[in-house]
Amino acid sequence: MTDRLTIRRPDDWHVHLRDGAMLQAVAGHTARQFARAIIMPNLTPPVTGIAMAQAYRDRIRAALGEDVDFMPLMTCYLTDHSDAEEIAAGHAAGVFTACKLYPAHATTNSAHGVTDILRLTTVLETLQRIGMPLLIHGEVTDRSIDIFDREAVFVERVLTPLTRDYPALKIVLEHITTAEAAAFVAEAAHPIAATITPQHLLINRNAIFDGGLRPHAYCLPVLKRETHRLAVRRAAVSGSPRFFLGTDSAPHVVGAKESGCGCAGIFNAPFALEAYLRVFEEENALDRFEGFASEHGARFYGLPLNDGTVTLVRKAVTVPDRIGDVVPFLAGETLGWRFEG
Ligand code: DOR
Ligand code: ZN
């Protein structure tokens with residue numbers, strides 16, 4: 001039995017580091033495990049331009065301190081009024097790595113998101129031309145569609161025509177949760193990939209209602225039924241270069257979660273690699289963990305692989321009930337691997 005696993009330093013291709021006091025509290029957890037991360041731009045106000053992204057990147061670096069070797073990869077939040085020239089200039093200058101499409105009102109701080117993808121024609125043509133990835137929160141916002149169906153309906157109604165209209169547009173479908181999304185990404189004759197979170201691999205929608213209402217298991221896209229969890233697990237451990245690690249770590253203070261209208265988001269950064277590793281071990285796929293965590297994402301983005309390694313050892317580690325003002329994913333549970341650095 002393997003008791004130590006050493007892999008190339010991994011990256012997190014989807015994380016919310018927030019701002020202000022929360023940024024101070026959480027950034028170190030991501031930087032401890034990952035060399036780089038794609039930083040989500042859904043601040044208030046959202047990160048929509050070059051100057052805002054540079055200033056946010058500076059705040060992230062300042063929160064971590066000079067000695068920490070971590071590269072924040074910034075994203076541009078798309079709105080109905082996004083400026084294609086500014087986006088292209090930001091990409092050329094090395095400020096923006098990708099653009100993020102939130103359908104308006106799909107999730108936390110998405111009120112300024114895109115009301116109709118047809119408004120993005122110039123932006124999408126530009127991204128396709130310059131090879132800049134489009135990262136998508138793939139849920140329709142039509143409130144008449146059942147919340148558990150919003151991702152599958154998005155794949156059918158929005159993603160399918162999008163890939164037809166922009167055949168060379170690099171797309172990352174973020175935090176996939178359904179068999180439909182996994183199949184689309186695996187099979188499409190298109191440059192498309194998907195990130196997968198630890199929560200969508202480890203728990204299903206029963207966790208939200210386990211003996212009572214469990215706000216700390218609530219995220220968006222919402223957890224789905226077991227058949228979907230199993231399909232997403234198969235995709236993650238398949239070895240396909242189209243699937244890679246993106247935690248979607250999304251901290252909210254405990255009071256904002258345990259509320260009459262609790263915020264969506266699961267804070268999984270402190271034990272992210274340990275949580276993913278549980279899945280790969282259960283699926284007898286430890287040999288595929290490095291590809292998922294450290295190679296597939298960089299290759300899809302066209303970025304170099306990291307130098308250096310990290311090691312995980314087989315040792316029990318119990319996730320604390322609280323980390324600062326936030327309840328972490330798997331609080332109180334014991335995991336079988338420990339990140340050593
Ligand atoms: O659960 C989520 N939380 N899903 C998102 O799409 C946004 C995120 C957040 O920012 O809290
Ligand atoms: Zn997210």
Side-chain angles (χ1 to χ4, degrees), residues 11-23 25-27 29-30 34 37-48 56 60 72-78 97-114 133-141 147-148 150-151 154 171-178 181 193-205 207-208 214-224 232 244-259 261-269 272 297 325-329:
D11 302 303
D12 182 351
W13 298 100
H14 182 130
V15 68
H16 300 265
L17 290 187
R18 311 298 195 207
D19 214 343
M22 187 62 94
L23 170 63
V26 304
H29 292 288
T30 292
F34 299 104
I38 285 278
I39 311 299
M40 286 297 127
N42 62 332
L43 306 180
T44 11
V47 180
T48 52
Y56 185 30
I60 294 168
L73 302 171
M74 310 310 289
T75 57
C76 178
Y77 180 115
L78 296 179
T97 299
C99 283
K100 178 69 190 273
L101 168 60
Y102 288 104
H105 306 292
T107 186
T108 311
N109 292 342
S110 62
H112 301 280
V114 175
L134 175 70
L135 318 183
I136 301 182
H137 183 110
E139 290 190 286
V140 293
T141 54
I147 190 169
F148 293 101
R150 288 179 191 169
E151 182 177 282
F154 184 92
I171 295 172
V172 183
L173 189 58
E174 300 291 337
H175 41 53
I176 59 165
T177 64
T178 58
T195 53
I196 302 180
T197 77
Q199 57 267 22
H200 293 110
L201 292 168
L202 284 166
I203 53 180
N204 66 30
R205 66 190 189 179
I208 308 170
R214 302 281 184 175
H216 301 292
Y218 174 53
C219 65
L220 288 171
V222 71
L223 296 165
K224 304 298 191 297
V232 172
F244 45 83
L245 186 159
T247 61
D248 198 14
S249 185
H252 294 276
V253 293
V254 65
K257 295 286 293 174
E258 298 177 6
S259 149
C261 184
C263 292
I266 292 180
F267 178 51
N268 58 33
D325 292 332
V326 186
V327 175
F329 181 48

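Atoms within each ligand, like the ligands themselves, are counted from 1 in listed order. Computed over heavy atoms, backbone and side chain alike; hydrogens, waters and symmetry mates excluded.
Excluding waters, the set of protein N, O or S atoms lying under 2.8 Å from the Zn ion (ligand 2) comprises His14 NE2, His16 NE2, Asp248 OD1.
Evaluation of the side-chain contact (heavy atoms from CB on, under 4.5 Å) rule for Ala98 yields Thr75, Pro133, Leu135, Tyr301 as partners, not counting sequence neighbours. With sequence neighbours excluded, the residues forming a side-chain contact (heavy atoms from CB on, under 4.5 Å) with Asp19 are Leu23, Leu43, Tyr56, Arg59, listed by chain and number.
Between His216 and Glu258 the shortest heavy-atom distance is NE2-OE2, 2.7 Å. Taking both residues in full, the closest heavy atoms of Lys224 and Pro221 are given as NZ-CB, 3.7 Å, listed atom of the first, atom of the second, then distance. For the pair Val232 and Thr177, the tightest heavy-atom approach, listed with the atom from each and the gap, is CG2-C, 3.6 Å. Here the shortest heavy-atom pairing between Gly113 and Tyr77 reads N-OH, 3.3 Å. Of all the heavy atoms in Pro41 and Cys76, the pair that sits closest is CG-C, 4.3 Å. The minimum heavy-atom distance between Cys263 and Lys257, with the atom names listed, is O-NZ, 3.0 Å.
Tested against Asp248, the residues His137, His14, Gln199, His200 include a single side chain to side chain donor-acceptor pair (under 3.5 Å) partner, His14.
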Could you go through ligand 1 and note, for every N or O atom, any protein N or O atom closer than 3.5 angstrom, writing the atom names and distance to 0.1 Å, or 'none'?
residue	atom	partner	partner atom	Å
ligand 1	1 (O)	Leu220	N	2.8
ligand 1	1 (O)	Gly265	N	3.2
ligand 1	3 (N)	Ala264	O	3.1
ligand 1	4 (N)	Thr107	OG1	3.4
ligand 1	4 (N)	Leu220	O	2.8
ligand 1	6 (O)	Thr107	OG1	3.0
ligand 1	6 (O)	His137	ND1	3.3
ligand 1	10 (O)	His16	ND1	3.4
ligand 1	10 (O)	Arg18	NH1	2.9
ligand 1	10 (O)	Asn42	ND2	2.8
ligand 1	11 (O)	Arg18	NH2	2.8
ligand 1	11 (O)	Thr108	OG1	3.2
ligand 1	11 (O)	His252	NE2	2.8
ligand 1	11 (O)	Ala264	O	3.1

